[in-house]
Structures are given as structure tokens and as C-alpha cells.
Participant: 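This is the structure, below, for whatever I ask next.
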Amino acid sequence: MGHVPRIGVGVLVVRDGLVLLGQRRGAHGAGSWALPGGHLDPGETIEGCALRELEEETGLRADAATHCHTTHDVLEGIPYLTHFVVVSETVGEPAVREPHKCAGWRWSSWDLLPSPLFGPLASLRASGYRPPIA
């Protein structure tokens with residue numbers, strides 16, 4: 001019998017035609033580039049989780065997040081269902097608020113993402129999804 005997937009949320013922060021990426025530290029995927037995000041808490045909506053994680057990890061504040069895609073991945077033997085949301089209006093500049101989890105933030109073109117990508121982000125990109133970049 002398989003394991004029940006864990007639920008993750010990834011936040012595509014879009015600004016000036018670029019997306020925000022952080023280099024992971026500590027947890028699985030250390031050294032890879034990922035979106036802000038994390039695990040869904042009990043009773044939390046996907047959008048609520050996205051806005052909470054965004055502020056906790058980057059200090060950016062946003063009022064709205066829109067679900068855009070879902071991937072299925074296995075990370076170190078654990079199945080994950082990752083829900084991605086797009087946030088296009090944020091207040092503030094990204095800061096490393098959890099240095100034990102993130103080495104730094106950078107803005108990147110969707111067509112020129114750094115490597116290696118964190119598994120769910122690599123799956124999102126491989127799906128052909130493109131964020132709504134103005």
C-alpha cells in the first residue's frame with residue numbers, strides 16, 4: 001500500500017517579467033533552486049498557506065494568490081502533491097528570513113532558470129506550464 005502524499009505549496013512570485021527563486025538549505029533538495037513555499041497546515045487553504053509562507057520566508061506581503069498547477073513528485077521516497085499559485089502583486093523586497101532554509105533569493109527569467117531545480121519546480125517547468133509574465 002502506498003503512502004498518503006504530503007501536500008506542498010509553491011509560490012510563483014512574478015515581478016517585472018521575472019520569478020523569485022531561493023537556493024535551498026538544510027532540508028531535502030539542499031543546493032537546488034526553489035520557489036518560496038512549504039507544507040500545508042491542517043485546516044489551511046492552499047492560497048492561505050502560500051501567502052503565509054511567502055511572508056515568513058521572504059518578508060513579501062501579498063493579498064491574493066491564484067492556483068495555477070499541481071505536480072506529483074517523490075522526494076527522498078516520500079510522495080508529494082505540490083500546488084502552485086501565482087502572486088503578481090507584492091509589497092516589499094525579498095529578504096532571507098529563514099537563513100537555515102534559504103541561502104538567498106534572486107529574480108530569474110522563466111526561460112533561464114538556474115540549476116539544479118528543486119524537484120517539484122523541475123516538474124512544473126517540464127509540464128510546459130508558463131507563468132503569466134507581463
Side-chain angles (χ1 to χ4, degrees):
M1 187 151 100
H3 294 284
V4 174
R6 297 200 62 191
I7 306 297
V9 175
V11 185
L12 282 154
V13 181
V14 176
R15 184 186 285 178
D16 299 326
L18 304 173
V19 294
L20 183 65
L21 298 176
Q23 192 167 32
R24 292 177 64 92
R25 273 193 174 149
H28 50 250
S32 66
W33 291 90
L35 303 169
H39 291 104
L40 193 66
D41 286 345
E44 194 172 37
T45 66
I46 291 164
E47 294 79 6
C49 173
L51 297 177
R52 174 183 57 78
E53 289 283 1
L54 180 64
E55 187 163 2
E56 285 175 6
E57 293 182 10
T58 71
L60 293 173
R61 291 179 311 286
D63 291 330
T66 304
H67 187 269
C68 63
H69 201 82
T70 302
T71 63
H72 301 263
D73 299 279
V74 177
L75 304 174
E76 297 180 2
I78 302 167
Y80 271 84
L81 193 62
T82 304
H83 296 282
F84 292 92
V85 302
V86 174
V87 171
S88 55
E89 305 235 351
T90 54
V91 175
E93 290 301 320
V96 177
R97 304 267 306 261
E98 296 177 332
H100 58 291
K101 292 182 181 178
C102 179
W105 298 105
R106 73 183 250 192
W107 295 99
S108 182
S109 162
W110 187 252
D111 294 319
L112 298 169
L113 296 178
S115 321
L117 292 178
F118 184 52
L121 178 56
S123 293
L124 177 67
R125 189 151 182 237
S127 77
Y129 174 80
R130 294 189 63 78
I133 295 173

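In this chain, residues are counted from 1 in sequence order.
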Participant: Could you give me the CA-CA distance, side-chain angles and deciding distance for L75 and F118, then say whether side chain to side chain contact (heavy atoms under 4.5 Å, CB included) is met?
Facilitator: CA-CA 10 Å; L75 304 174; F118 184 52; 3.8 Å; yes

Participant: Does CD belonging to E89 count more than 12 external heavy atoms closer than 6.0 Å?
Facilitator: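 At most 12 heavy atoms, drawn from other residues, nucleotides or ligands, come within 6.0 Å of this atom.
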
Participant: With a 6.0 Å cut-off (strictly less than), is the heavy-atom count around CG of D63, excluding the residue itself, greater than 12?
Facilitator: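 No, not enclosed.
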
Participant: Report the residue from L81, L121, T82 that forms a side chain to side chain contact (heavy atoms under 4.5 Å, CB included) with T71.
Facilitator: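 Testing each of L81, L121, T82 against T71, the sole residue satisfying side chain to side chain contact (heavy atoms under 4.5 Å, CB included) is T82.
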
Participant: Do side-chain atoms of R61 reach the backbone of G92 as a donor and acceptor pair under 3.5 angstrom?
Facilitator: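 No, R61 side chain to G92 backbone: no donor-acceptor pair under 3.5 Å.
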
Participant: Side chains of P114 and S108: closer than 4.5 Å at any heavy-atom pair?
Facilitator: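 Side chain of P114 against side chain of S108, heavy atoms only: contact under 4.5 Å found.
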
Participant: If I compare all heavy atoms of G104 with all of V96, which pair ends up nearest, and what's the gap?
Facilitator: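 Closest approach of G104 to V96: CA-CG2, 3.7 Å.
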
Participant: Grab the two heavy atoms, one from A34 and one from W105, that are nearest each other, plus how far apart they are.
Facilitator: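 It is O-CZ3, 4.4 Å.
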
Participant: What heavy-atom pair brings C49 and G38 nearest, and what distance separates the two atoms?
Facilitator: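 The answer is SG-O, 4.5 Å.
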
Participant: Side chain to side chain contact (heavy atoms under 4.5 Å, CB included) between V11 and T58: does it pass, once the steps are laid out?
Facilitator: CA-CA 11 Å; V11 185; T58 71; over 6 Å; no

Participant: Nearest 0.5 Å, please: how far is CG in L117 from CG in L21?
Facilitator: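 Spacing of CG (L21) from CG (L117) equals 7.5 Å.
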
Participant: Please name the pair of heavy atoms, one in D73 and one in P120, separated by the smallest distance, quoted to 0.1 Å.
Facilitator: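 Closest pair (atom of D73, atom of P120, distance): OD2-CA, 3.4 Å.
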
Participant: Can you check whether T66 reaches V85 side chain to side chain, under 4.5 Å on heavy atoms?
Facilitator: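 When only atoms from C-beta onward are counted, V85 and T66 do not touch, as no gap falls below 4.5 Å.
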
Participant: Do R24 and S32 have side chains that approach each other closer than 4.5 Å (heavy atoms only, starting at C-beta)?
Facilitator: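 Yes; the side chains approach each other to less than 4.5 Å.
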
Participant: Can you see which heavy atom on L20 is nearest to which on L60, and at what distance?
Facilitator: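 It is CD2-CD1, 3.8 Å.
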
Participant: Indicate the ring-plane relationship of Y129 and W110, choosing parallel, tilted or perpendicular according to the 30° and 60° boundaries.
Facilitator: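 Because their plane-to-plane angle is over 60°, the rings of Y129 and W110 count as perpendicular.
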
Participant: What's the separation between atom CD1 in I133 and atom CZ in R15, rounded to the nearest 0.5 Å?
Facilitator: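 Answer for the CD1-CZ pair, I133 versus R15, is 13.5 Å.
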
Participant: Using the rule given for side chain to side chain contact (heavy atoms under 4.5 Å, CB included), can you reason through D41 versus R52, listing the C-alpha separation, both sets of side-chain angles and the distance that settles it, and then say yes or no?
Facilitator: CA-CA 10 Å; D41 286 345; R52 174 183 57 78; 3.4 Å; yes

Participant: Would you say Q23's side chain and G31's backbone share a donor-acceptor pair under 3.5 angstrom?
Facilitator: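 Yes; at least one donor-acceptor contact below 3.5 Å.
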
Participant: Do the non-hydrogen side-chain atoms of L18 and S109 ever get within less than 4.5 Å of each other?
Facilitator: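 In short, these two side chains touch, coming nearer than 4.5 Å.
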
Participant: Sub-3.5 Å donor-acceptor pair from the side chain of R97 to the main-chain atoms of E55, do we have one?
Facilitator: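 Yes, the answer is positive, given that a donor and an acceptor are paired below the 3.5 Å cut-off.
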
Participant: Could you tell me which non-hydrogen atom of G8 sits nearest to which non-hydrogen atom of Y80, and how far apart they are?
Facilitator: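 The answer is N-CD2, 4.5 Å.
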
Participant: Mark yes or no for whether E57, through its side chain, and G37, through its backbone, hold a donor-acceptor pair below 3.5 Å.
Facilitator: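 Indeed, once roles are kept as given, a pair shorter than 3.5 Å links the two residues.
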
Participant: Examine L113 and F84 and state if one hydrophobic cluster contains both, with Ile, Leu, Val, Met, Phe, Trp and Tyr joined whenever side-chain heavy atoms are less than 4.5 Å apart.
Facilitator: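 Same cluster.
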
